4 protein chains.
Amino acid sequence: MPTKKKPTATSRPERRPELLAIAAEVFAAQGYDATTVRRIADEAGMLAGSLYHHFDSKESMVDEILSTFLAGLRTTYDAVLDAGLGPRETLEALVTESFRHIGRNLAAAAIYRTEAAHLATRPGFQYLAEARPVLERALRRTLERGVADGVFRAGLDTRLTGRFVRDAVWGAAAWGPTGATDAPDELARPYLALLLDGLAPRP
Amino acid sequence: MPTKKKPTATSRPERRPELLAIAAEVFAAQGYDATTVRRIADEAGMLAGSLYHHFDSKESMVDEILSTFLAGLRTTYDAVLDAGLGPRETLEALVTESFRHIGRNLAAAAIYRTEAAHLATRPGFQYLAEARPVLERALRRTLERGVADGVFRAGLDTRLTGRFVRDAVWGAAAWGPTGATDAPDELARPYLALLLDGLAPRP
Amino acid sequence: MPTKKKPTATSRPERRPELLAIAAEVFAAQGYDATTVRRIADEAGMLAGSLYHHFDSKESMVDEILSTFLAGLRTTYDAVLDAGLGPRETLEALVTESFRHIGRNLAAAAIYRTEAAHLATRPGFQYLAEARPVLERALRRTLERGVADGVFRAGLDTRLTGRFVRDAVWGAAAWGPTGATDAPDELARPYLALLLDGLAPRP
Amino acid sequence: MPTKKKPTATSRPERRPELLAIAAEVFAAQGYDATTVRRIADEAGMLAGSLYHHFDSKESMVDEILSTFLAGLRTTYDAVLDAGLGPRETLEALVTESFRHIGRNLAAAAIYRTEAAHLATRPGFQYLAEARPVLERALRRTLERGVADGVFRAGLDTRLTGRFVRDAVWGAAAWGPTGATDAPDELARPYLALLLDGLAPRP
DNA sequence: CATGAATGAGACTTCATTCAT
DNA sequence: AATGAATGAAGTCTCATTCAT
């Protein structure tokens, strides 16, 4: 997937990702609107004005953070969907990879979860609205395939179920560093067990 | 002797809750920080300064919205937990009542879901941090009881499961008016079916 | 239901002077600009808007307070100057009556001392600028008479001395209630002793 | 004593004191509350918001003006009191140095005289209340020493006299630029003559 | 007379952003 | 690349004042 944005402001490649990581951390901690450019600069050990040698604007920072995050996510999902797996294995892979991507980019994921809906209304951020149903749709289709194949329970409301799964997965983005970073697979496994077999003991 | 006010024709039965509802709508739609007091006033058909006749500050508006919402939620949970139900029925009631409360107060719920984490760091909003684990804890304990009673699967990670359920339920607060308002019970039933029995068909 | 004819709630038909006294107290304590109309109303047990049944504006309140105070002062000075006293007795009377007037109208005096210079620049308050040199001028002329008569020391700088005396006298307006109210004559006597005879012991 | 500035080309040797001087002038002329930040900025040739690059708030401007002024005053008094002078010389030095300090910092002195009492009630300005009795106390003690030594008249009410002297001296801060700036010693000498020897001619 | 709601102007302050050095 | 000063637009909030009830 091609990068949509060339760095417009002059930048030395080393510093840029570093600054973005710092910015992501602050955005995640305080919220995008509540974060001041000065606070990011403080955290980076420079003055507010100096940030503009690296980025065009505060908006371009979230933009880059979120579009990078989402591009990676989409790539991951595409790989899963193109792998020719059965419905159950596809579902497991979608869930597992989601937890992994979130765990690897916790700040970006938290920003996405909290701010995307509001940011999506601003010009230049439509891609956020477009990205939102991606996981949901992949899940729904996988569920439909599974129901058709008899791998998943007949009569399943695939639309609602897709949403429930998506929300449960993304919820982990808000658990904070202690919850989701270290071992994303230790979230995926129990979640999948619950999702597939339910709470009630099998007879 | 001060007589009770008895407004005759143009009775204004408390403008306050009306204004709070408007404010909640705008906060939910745009985010707390991105919402200007003027926008709320516009929506209410008055000038920005006039709002301060009814409220101390913008902060006090979210405060009242959220604390009212959470007080109702806690009351509901307490009623469920005190009803003497078995674990499975308690779980069903917690989920069902959560969807109902969210559906009845969609704007407040959306604000809570999106802003609570950031607002909780401000002085005077500690109660948000305290309220956060309430549903999770109620769920976890119910799950523990259920596991002990053999109603729920043995070996369940009750801590993680509590969180997954909470996130799936609260996720609906972000579905927008078309998703969760109309028939909360039509969310609760399929969700509980999924949660209890899982995706996989029973043998 | 109260009686029709008499304004009952308060047996006082004239609320006005009472309200002015309250306003003067608050102006003196907080400063004119820092005083809100609402604060005055609070102190008077009514709502801010209700004050406008008695006064045209906040400005008209200070106006009435200060012009009343100054009219009384001028009357007093005129009486002293018209009494046909000698220079020394005139000086004593001016000082004594000043302390008395200040002591009797402490709040108004404090407002005058603190706010007059700034208020005088506003339209409608020119009389404040005109009133300012009244005591100084009376003092200076009395001093000049006294020097001519040999009652006061030859070579006295009457302009400076007039100012020094005025400032010492008006300074008491800022001493607070414990300093100047109770016994103005117990200020006048020692001050006059000091002024006439000085600190140094007579040989 | 202000050092001559030696600007090279466009040397900006600290804009801060310059801005403080401007602010002091405006505060003195209009009163603290009546002064708008915009007015100060206008006078300084910048926009209101730009002032906040140099100062935290309007309050912090008066704060710095007054605390600097009072620190200098206290230093001066301490030097006088530690000089080992006799009572009469101490008194003369206190009065002379007061007139000088006031004359050198007329705007700050005027602000102090007019606003200190009201400002002192705000948090962070307690030092104003503490600084107020400093001159009075120094004067009273010097007077007491003088009475004990027989340099000053026996039976003197030192408390009242201290206040009278303080008020006469500080009064000059309100005389305006034409009165007290140019030659503070030409105020001190006649005032001391009056204070020591009184109005009445010596026999 | 008093109330309670609302107005409208303006105040202080914040902040993203620019630009000469 | 970075600094420090400044801009300009907004935003929250205050307050004197008005007016129908």
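Values below: every heavy atom of this structure, side chains too, minus hydrogens, waters and symmetry copies. Throughout, protein chains are lettered first and strands after them, A, B, ... in sequence-line order, and every chain is numbered starting at 1. This structure is a prediction, so every number in the text was calculated from the model and none was measured.
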May I have the list of side-chain donor-acceptor pairs in residues 17-30 of chain A shorter than 3.5 Å, sequence neighbours left out?
none

Between [atom1] of [X] and [atom2] of [Y], what distance do you get to the nearest 0.5 Å?
| X | Y | atom1 | atom2 | answer |
| --- | --- | --- | --- | --- |
| F69(C) | L106(C) | CZ | CG | 9.0 Å |
| F125(C) | S67(C) | CZ | OG | 8.5 Å |
| Q126(C) | L119(C) | CD | CG | 12.0 Å |

Exercise. Pick the nucleotide of DNA chain E nearest each of H54(B) and V37(D); which residue has the one closer to the 5' end?
Worked result: H54(B)
For this session: On DNA chain E, check which nucleotide each of A48(C) and Y32(A) is closest to and give me the residue with the more 5' one.
Result: A48(C)
In whole angstrom, what separates [X]'s [atom1] from [N]'s [atom2]?
| X | N | atom1 | atom2 | answer |
| --- | --- | --- | --- | --- |
| D42(D) | dA6(F) | CG | C1' | 15 Å |
| F55(C) | dT17(F) | CZ | P | 13 Å |
| I40(C) | dT17(F) | CD1 | P | 10 Å |
| R16(B) | dG4(E) | CZ | C1' | 14 Å |
| E18(C) | dC1(E) | CD | P | 12 Å |
| E59(B) | dT12(F) | CD | P | 12 Å |
| R38(C) | dA2(E) | CZ | C1' | 16 Å |
| R39(B) | dC13(F) | CZ | P | 18 Å |

For this session: Flag the pair E43(C) / R38(C) as yes when at least one side-chain heavy-atom distance between them is below 4.5 Å, and no otherwise.
Result: no
For this session: Taking the side chain as every heavy atom from C-beta outward, state whether E115(D) and V62(D) have any pair of such atoms under 4.5 Å apart.
Result: no
Exercise. Within the side chain of R16(C), is there an N or O that forms a donor-acceptor pair under 3.5 Å with the backbone of H54(C)?
Worked result: yes
Exercise. Got a sec: does the CZ of R122(A) have more than 12 other heavy atoms crowding it under 6.0 Å?
Worked result: yes
Exercise. Where the side chain of Y52(C) is defined as all heavy atoms beyond and including C-beta, which of dA2(E), dA16(F), dA16(E) is the nearest nucleotide?
Worked result: dA16(F)
Problem set entry | Listed nucleotide nearest any side-chain atom of K58(A), set dA16(E), dT12(F), dT17(F) | dA16(E)
Exercise. For Y32(C), is the NZ or CZ atom of K58(C) found under 6.0 angstrom from the centre of its six-membered ring and inside 45 degrees of the ring axis?
Worked result: yes
Shorter than 3.5 Å, N or O on both sides, protein versus nucleotides 7-10 of chain F: list them out with atom names.
{"residue": "dT7(F)", "atom": "OP2", "partner": "L47(D)", "partner atom": "N", "Å": "3.0"}
{"residue": "dT7(F)", "atom": "OP2", "partner": "S50(D)", "partner atom": "OG", "Å": "2.9"}

Problem set entry | Below 4.0 Å: OP1/OP2 of dG4(E) and any side-chain N or O of R15(B) | no
Exercise. Could you spell out the base pairing of DNA chain E in dot-bracket, with Watson-Crick or G-U pairs whose two distances are under 3.5 Å, [ ] crossing and | to another strand?
Worked result: .||||||||||||||||||||
For this session: Determine the contact category for T35(B): base if any of its heavy atoms lies under 4.0 Å from a base atom, sugar-phosphate if only primed atoms, P, OP1 or OP2 are that close, otherwise nothing.
Result: sugar-phosphate
